[in-house]
Student: 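What follows is a structure written as structure tokens; I'll ask about it next.
What you see below is based on every heavy atom in this structure, not just the backbone, and it leaves out hydrogens, waters and symmetry mates.
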Amino acid sequence: FLLSIFYINHNYYKRVFILFVCLCIICFVGLRYNSIDYFSYMEIFDVVSDFEELTVYGYPVNWAGNIEPGFALSILFFKSLNLNFYVFIFIFSFVSICIKFVAFKKMSPYIFITLLIYLSDNLVYKDMGQIRNAMASGIILLSIYYLYNKRNFIFSRNNGISPHTY
């Protein structure tokens, strides 16, 4: 990230570097093992197995209460494709980080400083552990862009989806 100190003049190199950083973060977060709440999410993935138990209020898990319906539905979708927990974590992390990078690109004129703040603060606590919180914060961050640009329908839709499903 020493390149963040310098101004990259050519837009093509700037995009390539941002894409490279994004792919590195996706691999780092998506291929992790034994992080915060990792084994709890593994247990939730193993317990959620039947569409019939899914309700509007969530999916009942004995030791964790109800799991949000969107999260349970995404687990059931991956299980219906016969994909395992590791693929689920990787793709969930991929989507979450891509949403954040789109929001960073749309909202920040200083993308490198934004990435530095994200890597130093939110990456470890949210993306490396609390994956539902990471997804929800990414969706809300992107919806703030639409609120700022007075696109209230998209803002309302995103905020309606985010806190209640992830």
Student: Excluding sequence neighbours, so at least two apart, what forms side-chain hydrogen bond (donor to acceptor under 3.5 Å, both in side chains) with Glu53?
Tutor: none
Student: Enumerate the salt bridge (charged side-chain N to carboxylate O under 4.0 Å, His left out) contacts for residues 69-97, please, sequence neighbours excluded, ordered by first and then second residue.
Tutor: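 Sorted pair list comes back empty.
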Student: Let me confirm one number: the CE-OG distance from Met135 to Ser96, rounded to the nearest 0.5 Å.
Tutor: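 So the gap between those two atoms works out to 5.0 Å.
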Student: Which pairs would a plain distance check flag for residues 80-92, meaning a side-chain donor or acceptor within less than 3.5 Å of a matching protein atom at least two apart in sequence or in another chain?
Tutor:
{"residue": "Ser80", "atom": "OG", "partner": "Phe77", "partner atom": "O", "Å": "2.6"}
{"residue": "Asn84", "atom": "OD1", "partner": "Tyr86", "partner atom": "N", "Å": "3.3"}
{"residue": "Asn84", "atom": "OD1", "partner": "Val87", "partner atom": "N", "Å": "3.1"}

Student: CD1 of Ile75 to CD1 of Ile44: how many Å apart, nearest 0.5 Å?
Tutor: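 Between atom CD1 of Ile75 and atom CD1 of Ile44 there are 6.5 Å.
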Student: Apart from Leu23 itself, what residues make up its hydrophobic cluster, given side-chain heavy atom links below 4.5 Å?
Tutor: Leu19
Student: Could you give the side-chain donor-acceptor pairs of residues 102-113 under 3.5 Å, partners two or more places apart or in another chain?
Tutor:
{"residue": "Ser108", "atom": "OG", "partner": "Tyr110", "partner atom": "N", "Å": "3.2"}
{"residue": "Ser108", "atom": "OG", "partner": "Tyr110", "partner atom": "O", "Å": "3.1"}
{"residue": "Ser108", "atom": "OG", "partner": "Thr114", "partner atom": "OG1", "Å": "2.6"}

Student: Please find the pair of heavy atoms, one from Ile139 and one from Ile99, that lie closest to each other, and give the distance.
Tutor: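 Ile139 and Ile99 have their closest heavy atoms at N-CG2, 3.9 Å.
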Student: Could you check if a side-chain atom of Phe28 sits within less than 4.5 angstrom of a side-chain atom of Ile97, using non-hydrogen atoms only?
Tutor: no
Student: Could you list the cluster mates of Tyr148? Members are the ILVMFWY residues connected by side-chain heavy atoms closer than 4.5 Å, either directly or through other members.
Tutor: none
Student: Can you find a pair of side-chain heavy atoms, one from Arg32 and one from Val29, that are under 4.5 Å apart?
Tutor: yes
Student: Restricting to ring pair (Phe, Tyr, Trp, His ring centres under 6.0 Å), what partner residues turn up for Tyr33, sequence neighbours left out?
Tutor: Tyr38, Phe39
Student: If the condition is side chain to side chain contact (heavy atoms under 4.5 Å, CB included), which residues does Cys98 pass it with, not counting sequence neighbours?
Tutor: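 Expected list: Ile26, Phe94.
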Student: Write out all pairs satisfying salt bridge (charged side-chain N to carboxylate O under 4.0 Å, His left out) with one or both partners inside residues 89-103, taking only residues at least two apart or from two chains.
Tutor: Lys100-Asp127
Student: Just jot down the side chain to side chain contact (heavy atoms under 4.5 Å, CB included) partners of Asp37, sequence neighbours excluded, or say none.
Tutor: Ser40, Tyr41, Gln130
Student: Measure the spacing between SG of Cys22 and CZ of Arg15 and express it to the nearest 0.5 Å.
Tutor: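 Cys22 SG to Arg15 CZ: 14.0 Å, rounded to 0.5 Å.
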Student: How about Arg132 and Ile67: do any of their side-chain heavy atoms sit closer than 4.5 Å?
Tutor: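 The answer is yes, as the side chains (C-beta and beyond) meet within the 4.5 Å cut-off.
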